[in-house]
Protein chains: 2
Amino acid sequence: MMVFEYENDIVIVDVGFQFPEEDMLGVDYVIPDISYLEGKEHKIRAILITHGHLDHIGAIPYLLPKLKFPPIYGSKLSMGLVKKRLDEFNLTKQAQMHVVDPDKTLRFGSFSVDWFRVNHSIPDSLGILLKSPAGNIVHTGDFKFDLTPVYQEPTDFAKIGSFANQNISALFSDSTNALKAGHTLSEKQVGENLEKVIAEAPGRIIIAAFSSLIGRLQFLINAASRHGRKVYVSGRSMSDNISIAQELSFIKTPPGIVNSIKQMPNRIKDADTLILTTGAQGEAVSALARMGLGDHPQIRIKPGDTIILSSSPIPGNEKAVFSVINNLVRLGARVIFNQVMDVHTSGHAQREDLKLMINLVKPRSLVPVHGEIYMRHAHAEIGRAMGLSQENAIVIENGDVLEIHNGQARATKEKVSANYIMIDGKGIGDVGAQIIMDRQIMSQNGVLTILLTVDGKTKKLVKDPEIITRGFIYMDESQELVKETISRARKGYEAALERFKGWKRGDVKAYVRTALDRFTHRKIGRNPLILPVIIEV
Amino acid sequence: MMVFEYENDIVIVDVGFQFPEEDMLGVDYVIPDISYLEGKEHKIRAILITHGHLDHIGAIPYLLPKLKFPPIYGSKLSMGLVKKRLDEFNLTKQAQMHVVDPDKTLRFGSFSVDWFRVNHSIPDSLGILLKSPAGNIVHTGDFKFDLTPVYQEPTDFAKIGSFANQNISALFSDSTNALKAGHTLSEKQVGENLEKVIAEAPGRIIIAAFSSLIGRLQFLINAASRHGRKVYVSGRSMSDNISIAQELSFIKTPPGIVNSIKQMPNRIKDADTLILTTGAQGEAVSALARMGLGDHPQIRIKPGDTIILSSSPIPGNEKAVFSVINNLVRLGARVIFNQVMDVHTSGHAQREDLKLMINLVKPRSLVPVHGEIYMRHAHAEIGRAMGLSQENAIVIENGDVLEIHNGQARATKEKVSANYIMIDGKGIGDVGAQIIMDRQIMSQNGVLTILLTVDGKTKKLVKDPEIITRGFIYMDESQELVKETISRARKGYEAALERFKGWKRGDVKAYVRTALDRFTHRKIGRNPLILPVIIEV
């Protein structure tokens, strides 16, 4: 989420969420921290959406009410997907949603907004030219250049080229592939490879792809039809996205070609089917993962099946993806993925494309956005190699404030709050460092609860401590250890009784906890979360 | 670990461990299941070690006593590292360790063993020719071909070529890079790239590498010396391995060049230092990770530092590695890793090298080993493309039994026990599915303990239930929820009292647990581990 502010006007670009980092145990999503906007809601003129991926629209339902429902603008498909998100949260009625005509200029107070078509791994992606009295900026959104895209128009090079004459103070440009050499492979080449596999496959074909990669889905549906195969769709996000894309005419299907997997006839010939499924990222509950585990309600994988993962693993998903591939291979399928053949291409511009973008826009400064900070630094280096000065290739981070003054962009020392707001189940922002740390300890060594039943007056133990463990040891198989733990707990409590004359509950518990922590560590090399519970009777 | 058996003779190749899968929470290592060998210890003639990496020697100290200390054979460096492992477990005295001369044949009952030199990412790696009356096999161990290795001899191509005339029934060959096209990049090329970076770096140089990549360490030490830099070593495994390699003459250092980081003078010039460190895999407690966090006792990263990760992430470590890179970049360092420049090469043979190995050995059948099953299938496909029949390119899994009869290898239907034996702290094999599952639940949603204090006779609650949570919610900030949970627990218990006339403790607890599980799920979308505790007073 990016905020542009000039005097009394605020314009927001994208309101996405991110998936949790590996150490954020149990967290579902992370959404932007909008504390800076508190009290400024009346200044927000618009939310501009570059494209319909969740990392750009996913947090809208969580934050729109807090932002007091400013109007949202985006392309037809982006707004279709925003509407679906808002529907899920029953917020559609209050929301103001506008599909933009990319050729028309919009005005929001002191800002004017123009749009330009870019290619990306979802159709109908747009970049933004935002003009203000302080300076003009270009924001690419996520983009790549594809001279031969599939079922999409190429990036609007001519329009982008016209920005060179419009005094662009800063180009905010997608850095995801700033370390990848050359140009991004065209979707057309991927299509040709996929077509070849489809033409030659002897049996069933199962293809896992991103459900938002609408152009590729259209291509696969048409290819299936060309080769006499019917398409069966498995996985909720795949069905949902195909439905939305059909409604909005982004996918056009000959009648009868696309069906739900539930409608697949029992006796259909393998060579007549192509199954489109979710799970290309190895997601544990996805249709493809279930096929690998022999746990899918309709599909049993068998020799003769050709499975294509038309994707590449998002960093962090590699193990999960290869575990699914292992399971599928083990069942006898032929599995084709990017290491075997180019059956996927990235949605992000590679180094030579990033250079072309800079050459087309000719900005005074470059602000790398999207991608990890090491990618943004690499992108800044590209800008410097093309003649930008050190201070005009500006790497900033979440919460940093950039100032544009008389057309000159400068990073400031100002910081706004940009904490991770974590969503776990229905709770928003109620999961913090202590909860995550406790989960980490329990994930490694479990929990050990000690019940200390004591006399309400004398505070002396009235019986032996009892222990309850989960995720620590099998108590039945470790009776010796259990006995010793109980004895240590007793001794620890008695020592604490001696030591803390005032019998402060917190001190006593801490003392017992430390004694047991040392003991379990020495004895068995494990440090469970230790919970002493004092029960006075 | 691989077991070869002929009548009364058993020979074992390698006794490694593996690092835990992502879902094995809290597990340190996984070691081989040796139940098949129970009762057959007297038949074990030898353990043959191909090379000194932990996935080939790491389980020796855990399993050697159970195997009744059979003699261990391997190269000088491999045995040096085996000895170090055994020292840590105080097992050196009982162990029989033998450094082999690769040019001499060993005999173990019906088996004879010859060795051949291969290249890998640790020096002194050997492959094995094992002959038996039933057939002869070649086991490559982990290998690559490097025509211009650094401070090592190239693979012994001539000796391997001589196997073609020795009726090899089965070639057991390393499959790790079976999906990587071409030949593995030579270590010499990596050296040239590293030398260039070292020559041009303006300030300090910090290089993270695998501590067992002795040849590269030697190269870096010499390069430092050539460019007037002293070497300071940070990280325990790096110091340990350099010491062992020095002792065994695998690293030769001019006096005074290599020092501990603790000896680094305060006022040394940045351009005079090269720091060798651990942490190339993003390990959280490593020296490099601590530098990234500003938490290293001697080193503060600053602009002007050049940091090289001379490695590539092992699958599953990508996120951790890039997180360390992000931290280092953020502190102003220039970070060079494989995406930027070839500063690392794999230790495993790529497709064309695998084909050459098959051509040199000319085996009757190919048994892909090492690497994931999808890699082994890809390797089998290479074998078939080179003319092996479907059934002579044999993919087997842990626990599968291969039979060689009259020189013909065949997979059988026989299976031996090959469970994951998990090591957690000092416990071996005492962590099982239930413990791991409990840890998984707690890692996601924490634990919710409910104390039900009841009358010993009537079993009625004598006071309100109390709840204790960790990793679930902040109780102070969720008082409403806490109250409601307590009330649900009371109602659940009372309903259970009604329902289970005989008051079976297990049934009552299960009932309360289910009631609370439903409640927390509906209310807050979380399913903690729920532990009802009944205290009778």
Side-chain angles (χ1 to χ4, degrees), chain A residues 21-22 25-26 179-180 315-316 318-320 322-323 325-326 328-330 335 339-340 372-374 377-378 397 424-427 430-432 434-447 449 451 453 466 468 470-474 477-478 521 523-526 529 531 533 535 537, chain B residues 21-22 25-26 179-180 315-316 318-320 322-323 325-326 328-330 335 339-340 372-374 377-378 397 424-427 430-432 434-447 449 451 453 466 468 470-474 477-478 521 523-526 529 531 533 535 537:
Chain A
E21 304 290 336
E22 280 188 342
L25 298 179
L179 280 157
K180 297 240 166 84
E318 293 84 354
K319 271 230 152 181
F322 289 115
S323 154
I325 291 175
N326 279 337
L328 296 167
V329 162
R330 195 171 274 135
V335 183
Q339 283 183 28
V340 180
E372 314 258 335
I373 189 167
Y374 77 86
H377 272 281
E397 296 216 57
D424 177 6
K426 295 181 185 168
D430 68 333
V431 166
Q434 185 60 50
I435 283 183
I436 299 292
M437 208 195 302
D438 286 343
R439 287 180 185 174
Q440 280 164 357
I441 295 169
M442 292 188 284
S443 77
Q444 295 302 301
N445 286 153
V447 63
T449 305
L451 303 181
T453 313
E466 291 163 79
I468 302 157
R470 284 295 183 284
F472 173 48
I473 50 167
Y474 288 118
E477 293 169 18
S478 318
H521 182 75
K523 192 73 184 179
I524 187 173
R526 296 181 198 165
L529 189 82
L531 286 182
V533 178
I535 302 150
V537 292
Chain B
E21 304 289 337
E22 280 188 342
L25 298 179
L179 279 158
K180 297 241 166 88
E318 293 84 353
K319 271 230 151 181
F322 289 115
S323 154
I325 292 176
N326 279 337
L328 296 168
V329 163
R330 195 171 276 134
V335 183
Q339 283 184 28
V340 179
E372 313 258 335
I373 189 167
Y374 78 85
H377 271 280
E397 296 215 56
D424 177 7
K426 295 180 183 168
D430 67 335
V431 166
Q434 184 62 49
I435 283 182
I436 299 291
M437 208 195 304
D438 286 343
R439 287 180 184 174
Q440 280 163 357
I441 295 170
M442 292 187 285
S443 76
Q444 295 302 301
N445 286 152
V447 64
T449 305
L451 303 181
T453 313
E466 290 162 81
I468 301 157
R470 283 297 184 282
F472 173 49
I473 49 167
Y474 289 118
E477 294 169 19
S478 319
H521 183 75
K523 192 75 184 177
I524 186 176
R526 296 180 199 165
L529 189 82
L531 286 183
V533 178
I535 302 147
V537 292

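FYI, side chains are in, hydrogens and waters are out, and symmetry mates aren't considered; it's all heavy atoms of this structure. Note on naming: letters A, B, ... go to the chains in the order of the sequence lines (proteins, then strands), and numbering restarts at 1 for each one. Computed from a predicted structure; not experimentally measured.
- Looking at B/Lys180, there are no atoms closer than 4.5 Å to chain A (heavy atoms on both sides), in backbone or side chain.
- Taking A/Asp430 as the reference, B/Arg526 meet the salt bridge (charged side-chain N to carboxylate O under 4.0 Å, His left out) condition, with sequence neighbours excluded.
- At least one side-chain heavy atom of A/Asn445 sits under 4.5 Å from a side-chain heavy atom of B/Asp424.
- Atom CG of A/Leu451 sits about 4.5 Å away from atom CD1 of A/Ile535, to the nearest 0.5 Å.
- Considering only heavy-atom pairs separated by less than 4.5 Å from chain A, the leading option among B/Ile524, B/Val340, B/Val431 is B/Ile524.
- Contact annotation for B/Glu466: neither backbone nor side-chain heavy atoms come within less than 4.5 Å of a heavy atom of chain A.
- Contacts between B/Glu477 and chain A at a heavy-atom distance below 4.5 Å are absent for every atom of the residue.
- Every side-chain contact (heavy atoms from CB on, under 4.5 Å) that B/Gln440 has, sequence neighbours left out, goes to B/Asp23, B/Leu25, B/Ile436, B/Met437.
- Only the side chain of A/Leu529 has a heavy atom closer than 4.5 Å to any heavy atom of chain B.
- Looking at B/Val447, the atoms closer than 4.5 Å to chain A (heavy atoms on both sides) sit in the backbone and in the side chain alike.
- Interface residue B/Leu179: backbone and side-chain heavy atoms are both found under 4.5 Å from chain A.
- Of the listed residues (A/His521, A/Glu22, A/Lys523, A/Glu318), the one with the most heavy-atom contacts under 4.5 Å to chain B is A/Glu318.
- Judged purely by atom type and a 3.5 angstrom limit, B/Tyr474 uses its side chain to pair as donor or acceptor with the backbone of A/Gln434.
- In this structure the side chain of B/Ile373 never reaches within 4.5 angstrom of the side chain of A/Ile325, judged on heavy atoms.
- Heavy-atom distances place no part of B/Ile441 under 4.5 Å from chain A, backbone and side chain included.
- Most heavy-atom pairs under 4.5 Å with chain A, from the set B/Ala378, B/Ser478, B/Gly427: that is B/Gly427.
- With respect to chain B, the highest number of heavy-atom pairs below 4.5 Å among A/Ser443, A/Pro315, A/Gly425, A/Ala320 belongs to A/Ser443.
- For a residue to count as touching a neighbouring chain, one of its non-hydrogen atoms must lie under 4.5 Å from one of that chain's; by this rule A/Leu328 does not touch chain B.
- Ranked by heavy-atom pairs under 4.5 Å with chain A, the first of B/Arg470, B/Glu397, B/Gln339 is B/Arg470.
- Of the listed residues B/Gln444, B/Glu21, B/Arg439, B/His377, the one with more heavy-atom pairs under 4.5 angstrom with chain A than any other is B/Arg439.
- Only the side chain of B/Ile468 comes within contact range of chain A, judged by heavy atoms closer than 4.5 Å.
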